[in-house]
Amino acid sequence: MFGLAEKRRARLRARPFPNDWTAILDGVPLCRRLPREDFLELQGHVQVFLAEKRFEGAGGLAIDDAVRVTIAGQACVLLLHRASRSFPKLRSIIVYPGEYVAPLEEVDDNGFVIEDVESRSGESWAHGSLVLSWDDVLADLDDPFGELNVVLHEFAHQLDAETGEMNGCPPIAEPGLRADWAREMDSAYADHCRLVDRGRPTVLDPYGAEEPSEFYAVATEAFFQQPRRILAALPSLYDVLRRYYEQDPATWSLEEGRPPAESRGPGS
Ligand SMILES: [Zn+2]
């Protein structure tokens, strides 16, 4: 079965990439910054992603190619260069027009469960679904070098969940990198939490102090969105992320990016 699935994916990756989709990817700053060969590899991943994942509009949002390709393009940046599978546990992406309200259960100091609601811009579940606010996805596009990228954040959680546990450590086959990852992530997370506890400025989004899985997700956003700043301020953390993602975004053009790519095929 695995062989058949891989053959099918190889055929999907080789399909001509529609010109309309290339134009959408070119409107996404993160995708436009990619080196040309990476952009071509990305198109193959996007073909597989869009063939295998189901998009569902919620709250009245109509799903069109702009929604699908904008989200798939950024998610698949996380797959480049690696022998990675296309988010194997993920089945469906639910997209709301804007922030949505979700039920929240909290336990207070006396052990009572308090039921409340909170607004969210995205969330990622280990059992097959991921939720995004389209307004928030668009806001990130308008701030190309800002530290936030909700798509990278939620899909980093999907990589994390591939081990069966969201704990800030995605599957890493190479023992040396696995050991370095654990050491660097633990140390950077502890430093980050210490600064947040003292109310001091932090390099990464303070939200990363919530738990190790959130720290990994915000570190992934910053690694791709503000690579030179992270390399300068947190070089050891940058290094394990560079080795894991097998990408070095600090070397990418950070200004206009490359000119729009030509399509690989006639398009459809
Ligand atoms: Zn998160």
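Keep in mind that this is a model prediction, so the values were computed, not measured. Every number for a ligand or one of its atoms is a count from 1 in the order of the listing.
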Name whichever N, O or S atom of [X] ends up nearest to the Zn ion (ligand 1).
X	value
Glu214	OE1
His157	NE2
His153	NE2

Regarding [X] and [Y], do their side chains bring together a donor and an acceptor under 3.5 Å, going by distance alone?
X	Y	result
Tyr244	Asp180	no
Ser86	Glu52	no
Ser213	Glu211	yes
Gln225	Asn149	yes

Item to check | Metal check, the Zn ion (ligand 1) vs Glu154 N/O/S, cut-off below 2.8 Å | outcome: no

